[in-house]
Amino acid sequence: MYLLIMLFAWCVLACVTAADALRVGAGIADVTGPPAEIAFMGYAQLEQIGHGIHLRQFSRAFVIEDNSGDTVKRLVFVSVDAAMMGHGVRKEVIRRLQKRFGVIYNEDNVIISGTHTHSTPGGFLMDFLFDLPILGFVKETYIAYVLGIYKSIVIAHSRLTSARIKYGEAELLDANINRSPKSYLNNPAEERSKYKYDVDKTLSQVRFLATTGEVIGVINWFAVHPTSMNNTNRLVSSDNVGYASLLMEKALNGNNTLPGKGAIVCAFGSTNLGDVSPNTRGPRCERSGRPCDQQEQLCGKKERCFASGPGRDMFDSTRIIATKLFETAMKVLRQPGEDITGTVAVAHQYVKMPDEEVHPFDPVTETFNISVKVKGCLPAMGYSFAAGTTDGPGAFDFKQGTKTSNPLWNAVRDFIAEPTEDDVQCQAPKPILLATGRAKFPYEWQPRVVSCAVARIGSLYLAAVPGEFTTMSGRRLRNIISKTAPRPNRVVIAGLSNIYSDYVATPEEYQVQRYEAASTIYGPHTLDIYLNKYLELTEALLENKTPESGPDPPDLSGQLITLVPPVLWDSAPWRKEFGDCVQQPQSSYSYGDVVVAAFVSGHPRNSVRHGRWYMAVEKLESEIDDAWTVIATDADWETKFTWHRDSKVLGTSHVELEWEIPPGTPPGTYRLHHYGNYKYVLGGIYPYHGFTDSFKVS
């Protein structure tokens, strides 16, 4: 009897110890950048300047802590609603974390991945070419991202609790297409025959559960560009993946929970989305409607080739794709899932890509050719880069698939920085349009040093890559890691992580020189270098070795320039004050109606209002107490906050608030509330607010 009692006690203790060995915390914070008069990052369109908010940006952080060994091991994964991640932002986030927590969070175990939305403020990457369409470095964007990401990690750390991890996946159809199928077809037929589709159709999910079984947080990965919102959009938006996150968080936290305020955090992270579009109708000429590809099937003069769909406009398309992502993620969440157990570890290294010499990979035999060595090149952009993509066409007369140069454009190129003959040979067959690796004025144009990391959570391996891997590039990387790691295992790619270095096409796709290949900046063997490096990092994880840290990326913070003018002052029109409602709503509305109001406003750049809002929809709860409850904000799908400049000279402006009343809205009395800050002409920034007359919803 005594032995039975001791055995039972040992079993209980073992179960508790196993549960306590792994702790997980999830946190979310607002990272919305300046929503007005700052260009968006993604399409590289100078005229795509922000004028308000449709969906706010959020940082979603997950801290994983393993107490099973002699030393505590930690991993931080952050998915942030931004175009990508820059080294300067990550470095400052880590500096602030270490000031608060010491060295437990560092460059080796913090992974920050951008979702790749193309509708958020830019100017934070520091490399000159990436910030050039934004007119240089924008400190407001940089600070907004740093503060929000840091706060989300701090919240996640404060919520660490004993947890279990499960993995699940499901097929998702009709949500993505390959935007460069001609390039994909240049991969070996033997390799392509292993796959049913020319893009990945699997949604991968990792969910974190408390010991009670309650959901702590969820990370989903699905290969699709967040470009449902096209380059005519002027409202800050987290696009399809951001809206999918909001839908899932509302479903799990309760529909009455305001965006960013719930305890359960759900991310839809980027993966190998390089050649993957959400615009499922495919590319067509804008006037004739003929199919096109910007390469062989060309449109008429002054007629663009672009992809659209599946909705009637970009907002509807965003909603449709987001809903598909959300519904598939919820389907996976309801499945039993696979238990992910085992140690937590990370192998990280900075890599100077132009200096790398490696053995090339044979995709047919899936082996490295040890009799040959290939090398990386100095960064350079090809002609087809300027053609843009079918998601966002470029300018001038450039077209995709260009393999020959033009004397006129070469003269322009050489004026900036002339490539050497070695550069030309190294990048061939890419004709160099911009020799960014040779350009030194005013500072580095594109990175030479990138961040590579592989994280292990038991049988799950997360490859954090510093760019946009195409479908087949991602498949090769996943296969390399999966074959190296003990079976069974799961491998996920976290795209656009830590440093941004453009695209990664396969060597075969590189020969076609469509946009993705022209933007593969380290030459035709870029993927070969990454495959070798991630193999090394995976082996280091398995052997419990710490790789050399590698060369530090340069600190560009002291060289940055900006041509973005500051907000000088705000003023209200004659006999008006900030917050005055100059366009009142109607007295009553029904479901599906759009409530519209306008207010005298200050410039939204005076305060990004993190954790707060420029706009709120409020419901009257008590007439006696005049008590109003916020039921929606400028972070909700149904709202739009649009800022209009009236006079630059006088500093006057107004905002337009819209609320599309969703079905199921409780009948009652409502109003729209505007918050803002104005800049006084003699200095100082001051808050104001105003609200509309009340109106009925029935």
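As the structure is a prediction and not an experimental result, all values here were calculated from the model. We use all heavy atoms of the structure for the numbers below, so side chains are in, but hydrogens, waters and symmetry mates are not.
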So do the side chains of [X] and [Y] get within less than 4.5 Å of each other, counting heavy atoms only?
| X | Y | value |
| --- | --- | --- |
| Ser152 | Ile28 | no |
| Ile561 | Phe128 | yes |
| Glu577 | Val600 | no |
| Asp127 | Tyr443 | no |
| Thr390 | Tyr515 | no |
| Val595 | Ile661 | yes |
| Ser607 | Arg612 | yes |
| Lys151 | Ile155 | yes |

Reported [atom1]-to-[atom2] distance for the pair [X] and [Y], which is rounded to 0.5 angstrom:
| X | Y | atom1 | atom2 | value |
| --- | --- | --- | --- | --- |
| Asn253 | Lys261 | CG | NZ | 12.5 Å |
| Glu618 | His673 | CD | NE2 | 5.5 Å |
| Leu258 | Asp636 | CG | CG | 6.5 Å |
| Thr117 | Gln57 | OG1 | CD | 7.0 Å |

State, without any angle test, whether [X] and [Y] hold a side-chain donor-acceptor pair at a distance under 3.5 Å.
| X | Y | answer |
| --- | --- | --- |
| Asp391 | Asn230 | no |
| Glu468 | Tyr500 | yes |
| Ser119 | Asp239 | no |
| Ser308 | Asn279 | no |
| Ser228 | Ser317 | no |
| Asp502 | Gln446 | yes |
| His689 | His674 | no |
| Ser653 | Ser601 | yes |
| Arg609 | Asn677 | yes |
| Lys696 | Thr669 | yes |

Flag, side chain of [X] to backbone of [Y], donor-acceptor distance under 3.5 Å:
| X | Y | answer |
| --- | --- | --- |
| Thr141 | Pro121 | no |
| Asp313 | Phe315 | yes |
| Thr436 | Pro379 | yes |
| Ser497 | Ile111 | no |
| Asn106 | Val103 | yes |
| Trp569 | Leu650 | yes |
| Thr639 | Thr633 | yes |
| Ser245 | Val241 | yes |
| Thr115 | Ser238 | no |
| Glu286 | Arg304 | yes |

With a distance cut-off below 6.0 Å to the six-membered ring centre and an angular limit of 45° from the axis, does Lys99 pair with Tyr150 as a cation-pi contact?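 Here Lys99 fails the 6.0 Å and 45° test against Tyr150.
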
Report yes or no: is the cationic atom of Arg319 (NZ for Lys, CZ for Arg) closer than 6.0 Å to the six-membered ring centre of Trp637, at no more than 45° off its axis?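 So Arg319 doesn't make the cation-pi contact.
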
Ring centres under 6.0 Å, that's the criterion: do [X] and [Y] meet it?
| X | Y | value |
| --- | --- | --- |
| His116 | His225 | yes |
| His603 | Tyr678 | no |
| Phe578 | Tyr688 | yes |
| Phe40 | His118 | no |
| Phe641 | Tyr614 | yes |

Which donor-acceptor pairs under 3.5 Å do side chains of residues 583-590 form with protein atoms, sequence neighbours excluded?
unit_1 : atom_1 : unit_2 : atom_2 : d
Gln584 : OE1    : Asp693 : N      : 2.8
Tyr589 : OH     : Gln586 : N      : 2.7

NZ/NE/NH1/NH2 to OD/OE distance under 4.0 Å, Asp316 and Arg312: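 Result for this pair is yes, salt bridge flagged.
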
Using 4.0 Å as the upper bound for N to carboxylate O, is an ion pair formed by Asp570 and Arg605?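 Answer for the salt bridge query: no.
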
Who are the salt bridge (Lys or Arg N to Asp or Glu O under 4.0 Å) partners of [X], not counting sequence neighbours?
| X | result |
| --- | --- |
| Arg234 | none |
| Asp634 | Arg56 |
| Arg448 | none |
| Arg159 | none |

Report the C-alpha separation of Trp643 and Ile53 in whole Å, then their side-chain angles, then the decisive distance to 0.1 Å, and conclude whether the side-chain contact (heavy atoms from CB on, under 4.5 Å) test is met. CA-CA 9 Å; Trp643 177 81; Ile53 297 174; over 6 Å; no

For Glu623, does the CD atom have more than 12 heavy-atom neighbours from other residues, nucleotides or ligands under 6.0 Å away?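 No, CD of Glu623 has 12 or fewer neighbouring heavy atoms, counting only those of other groups under 6.0 Å.
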
Neighbour count >12 (heavy atoms, 6.0 Å) for atom CG, Leu682: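 Check passes, neighbour count above 12.
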
Assign the ring pair Trp659 / Tyr670 to parallel, tilted or perpendicular, where the plane angle (0 to 90°) is split at 30° and 60°.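 Ring orientation of Trp659 relative to Tyr670: tilted.
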
Indicate every side-chain donor-acceptor pair of residues 79-92 with a distance under 3.5 Å to a residue at least two apart or in another chain.
unit_1 : atom_1 : unit_2 : atom_2 : d
Asp81  : OD2    : Phe58  : N      : 2.9
Asp81  : OD2    : Arg60  : NH1    : 3.3
Arg90  : NE     : Val110 : O      : 3.1
Arg90  : NE     : Asn498 : OD1    : 3.1
Arg90  : NH1    : Tyr350 : OH     : 3.1
Arg90  : NH2    : Glu107 : O      : 2.4
Arg90  : NH2    : Val110 : O      : 3.0
Glu92  : OE1    : Arg95  : NE     : 3.0
Glu92  : OE2    : Arg95  : NE     : 3.2
Glu92  : OE2    : Arg95  : NH2    : 2.7
Glu92  : OE2    : Arg96  : NE     : 2.9

Assess the residue pair His654 and Asp646 against the criterion (side-chain contact (heavy atoms from CB on, under 4.5 Å)); give the C-alpha distance rounded to whole Å, side-chain angles, the decisive distance to 0.1 Å, and a yes or no. CA-CA 7 Å; His654 73 278; Asp646 296 325; 2.9 Å; yes

